[in-house]
Structures are given as structure tokens and as C-alpha cells.
Visitor: 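The structure follows.
Here the structure is a predicted model, which is why all the values come from computation and not from measurement.
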Amino acid sequence: MPVLTLSAPVIYALELTPACNNRCPGCFNVFVENQGQRLAPETPPLPLEGWREILTKIKPHAHLVKLTGGEPMLHPESASIVSSLRELDIPFSVFTNGNWLEPESVIAFLRDTPQFRGFLISLHGATSESHDAFSATPGSFQHTAANIRRATAVGLAVSISTVLHRHNLEELEAIAALASELGVDHVVFNRYLGREQEGISLSNSELRQAVSQINKMQKATAIGNRQSKIANIRFGNCIPQCFMKNSSSGCLAGVAYCTIDPWGNMRPCNHSPRQCGNLLEVPLETAWRSVAMEGFRKLIPPECHTCAAFSQCHGGCRALAEELGLPGDPLMRGEIEPRAKSIEQINLYEGLRPVARCTVREEEFGYVLLRGNRVVPLAFEDKGMLDACDGRHTLREILATYGQDRLRLVIALYRKGLVELSV
């Protein structure tokens, strides 16, 4: 099965600075040496002028920009960079530790920026003990939790990013309950990426325990369950399906997504040190199609391409395999054999009218549908069906016109949040 690579990335992580005021020993950022100690490159991070040049270059392609770091709010010109995103009308989110020096000014400024789509804030435990054990920064839990509450209180969208580690393994439901109490949209649980560390990394059996519990919590917060008192749950980085069945999605690094580091270098993702060209020196397309980026795309093990789960998993984490010098993600357990397709019963009112809620971008292989972090390919021959998702045609009419297979595709897009159903 081929990898469908976009002609240019549509999601960009901009690492504004390597500086961070937390010292997480489990951080897999390429600027980290040991125990959360940050590298101090001789060259300072790009100033506003450099970032504005890069923003102008990516604007024709950017569906979403993620400001990250390090801690992005520590860049001395972070407010001016945000102003540039506003002037260029580029949608963006902020991935942050939430341990801000001036929280009121951060929140007030972003609240007045229409292009701001929300925060992804790192919270690695339900208590000071578990979170601060991961952040290695005493008091960071209290500051972060308070700032999450400040942000949600004024209506800003906040999601929580939680790395699974030894100190929070027994707190997963408590983290989701705390997130709900803080007014958070959802919790994103991530497997730990990096070399094994005592007190941080989970054993495979512990990770399976965590995934099993997260699967159960997801069912508890499914649509229609009004009794749940925990926030909605998602998986973040990919957990291969051959390791354990779960709802995580494969990584889009080098396919639809890239990272731009504090000095303007394009990299496949935040976790890969592989430099593919400096955007202050070469065109975007040159870096995206460089030998280095093509080499990253080829890191997918051959057996993954014929695996039944490849379209969901994409071969797991290539950056971790690269870091560890392995042929593939260390959680890989072998190819999953395809099963005979069973006829799925679709129990939906046939009079419902689907409405597409996504941006459509044409590519050589067909189309991609974009909404937030979601990037879904669509064949050329399915475009008529998508056009019929206009709020005027019912599911019954789509079934009669396009057949059962494309009706199932409409339902699949609905489940991915790219189509809404109205009466």
C-alpha cells in the first residue's frame, strides 16, 4: 500500500524557541540532552523578521500552524509572531506547558485573536506529586492547573496532553475527571517516546494496562452517554495496532505535516533531528521533496505496507525507530492479516442530511479533507458523493444514488468529524 504524500505540508509545528521553564526528563524534544537539560546552541532563535518570512512562505499551504518549542511563550517576540499570524490570517494553536510567567496577558491577547484555535496544554498527572515528578519543576502543577482554569473561564478551547508514565499510571481516570472539572474539551493520552528511563517509561505490560483503561474510558464518554463525569478521551501519538488494538491514528510526519525549528530548518517532526532544508534559504517544496525527507518517508518497514492496519497506523513512530537505531517502531509485533469484511449494520435515521464540515484540497492522487488535525484522503470518484453532503440530500437519497459503499464512506467521515448529520 503506497504512502499518499501531499504536494506540500498542510500542518506546521513552529518551534519558536528551545527554551523551556520545565525540565521534563521524559521530553523527547531534540533540544534536550539528559534529564531535561536544554541544549544552548551558539546561534540564537530566529527573530520576528525570520519567522514572518517563513509564515509568508507557508501561508498558501497552511491549514493549521502549531506554535511550540520548548515553551513558545518564552520567545521574546511571541506576541508579535502571533500578530503576524493574525495579519496573514493563518489559523493556529499553541502547544504549551501552561506554566506562564504572565498568564493574564497571554490569555487576554489570544482571546482577542480570531485565528486562535485553542491550547494543547501539558498536564502529566492529577496531583502535584505525579505531574511535578514528570516536569521536574516544583509548583508547575498548581500553576498549570490554575492557568487552564483561567483560559477555559473566558471561553478559550483547551485540550490536555498527558504522557503516560510510572507516576500517573493509576491516575488516568482522575486526570480525565480533573480535566472535566477544569472545563477542558478533551484529554490526549500519549505513549512515552524516548530511551528507557527508570521511573518514567512503562513496561509493555503496563502500557497495555493503560491502553485498556483508556479504551474503556473512551466508551464511557461516547456520544449519547450523559452520565460520564470525565472529559472526552483521545490517543495522541501512534500505538501500533499490532501491539494492541486502540483508536490512535498514524503519524502524518513527512506526509502532511512538518516541523520548522527555531532556526528555520524543516524537519519531519518535533522528535526527529533530521534537517531537510532551511526555509530562509530554499523553497518550501525543495525542502519537502529533499533527499532527507524522502529518506524519512522510507523508514516505514516493508511489512507495514501490506498490513491490514496500515491505513490507520502508518507504521508507528519512525522518529523513535530512528533514535533507537531500529528497523521499526519497538512496539511492532508483526503484520496483521486482513479479515473478511463483515456487513456493518448502519442504524441511523435515513432522513438525516449530511453536511460536509471540512476544507477540500486537490492532490495528484485525489483529494484530502482537512479539519483541525484531521487529514483524510478521498478518491477522485468519491467527490460527487462529498458534494451531495450539502444539507439538502438525505442518507436515503445518497444510498439510492451512490450505493451502499459510499453511504458507508459518508458514515466513516461522520465518525471522523468531517461530516455532520442534521434533521
Side-chain angles (χ1 to χ4, degrees), residues 1-12 58-65 91 238 241 247-258 266 268-269 283-290 293-294 296-300 302 304-316 318 336 338 341 344 346 353-393 395 397-421:
M1 182 181 298
V3 178
L4 300 177
T5 302
L6 273 60
S7 56
V10 293
I11 300 176
Y12 298 79
I58 70 174
K59 174 179 167 53
H61 312 285
H63 170 70
L64 180 67
V65 161
C238 178
Q241 297 297 306
S247 62
S248 69
S249 297
C251 181
L252 296 174
V255 175
Y257 162 91
C258 73
M266 178 186 287
C269 73
L284 173 71
E285 293 77 10
T286 300
W288 185 241
R289 292 296 181 183
S290 65
M293 188 68 84
E294 291 290 352
F296 184 82
R297 295 183 184 114
K298 293 177 181 177
L299 291 177
I300 299 174
C304 288
H305 289 276
T306 56
C307 177
F310 182 68
S311 61
Q312 178 178 352
C313 179
H314 304 171
R318 283 163 282 170
I336 297 175
K341 291 185 178 181
E344 179 188 16
I346 300 176
R353 301 174 187 273
V355 182
R357 300 295 189 194
C358 55
T359 300
V360 181
R361 172 182 171 129
E362 185 171 349
E363 293 285 341
E364 290 183 358
F365 55 79
Y367 300 92
V368 287
L369 311 183
L370 307 170
R371 187 177 184 184
N373 292 320
R374 286 152 288 186
V375 181
V376 177
L378 191 74
F380 281 120
E381 56 266 28
D382 293 325
K383 184 61 161 53
M385 174 277 298
L386 184 68
D387 291 339
C389 296
D390 56 5
R392 296 194 298 268
H393 298 81
L395 293 177
E397 291 168 336
I398 289 177
L399 173 61
T401 304
Y402 298 100
Q404 186 75 17
D405 286 345
R406 287 200 171 93
L407 175 63
R408 294 184 190 284
L409 180 55
V410 172
I411 302 307
L413 296 177
Y414 160 70
R415 288 171 175 165
K416 291 178 181 293
L418 300 169
V419 165
E420 295 178 0
L421 297 175

Visitor: Any idea which heavy atoms bring R371 and R357 closest together, and the distance?
Guide: CD-O, 2.9 Å
Visitor: Around atom CD of E364, are there more than 12 heavy atoms of other residues, nucleotides or ligands at under 6.0 Å?
Guide: no
Visitor: Can you find a pair of side-chain heavy atoms, one from R406 and one from I398, that are under 4.5 Å apart?
Guide: no
Visitor: Angle between ring planes, H305 versus F310, binned at 30° and 60°: parallel, tilted or perpendicular?
Guide: tilted
Visitor: Can you name the nearest heavy-atom pair linking F365 to P377, along with the distance?
Guide: CE1-CB, 4.1 Å
Visitor: Side-chain contact test, heavy atoms from C-beta onward, threshold under 4.5 Å: evaluate it for L386 versus L369 and give yes or no.
Guide: yes
Visitor: Does a side-chain heavy-atom distance below 4.5 Å link K383 with E362?
Guide: no
Visitor: Do you know the tightest heavy-atom contact between G254 and M293?
Guide: CA-SD, 3.9 Å
Visitor: Is there a side-chain contact between H314 and C251 in this structure, where contact means two heavy atoms from C-beta onward sitting under 4.5 Å apart?
Guide: no
Visitor: Side-chain contact test, heavy atoms from C-beta onward, threshold under 4.5 Å: evaluate it for L409 versus L378 and give yes or no.
Guide: yes
Visitor: With a 3.5 Å distance limit and no angle check, can you tell me whether R318 reaches the backbone of A253 through a side-chain donor-acceptor pair?
Guide: yes
Visitor: Over all heavy atoms of both residues, which pair between S7 and W288 is shortest? Give the atoms and the distance, please.
Guide: O-CD1, 3.4 Å
Visitor: I want to check something: taking the side chain as every heavy atom from C-beta on, are C258 and Y12 in contact at a cut-off of under 4.5 Å?
Guide: yes
Visitor: If you take all heavy atoms of R289 and L6, which pair is closest and at what distance?
Guide: NH2-O, 3.5 Å
Visitor: If you take all heavy atoms of D390 and H393, which pair is closest and at what distance?
Guide: OD1-ND1, 3.0 Å
Visitor: How about NZ on K416, more than 12 heavy atoms from neighbouring residues, nucleotides or ligands closer than 6.0 Å, or not?
Guide: no
Visitor: Are T359 and V10 close enough that some pair of their side-chain heavy atoms sits under 4.5 Å apart?
Guide: no
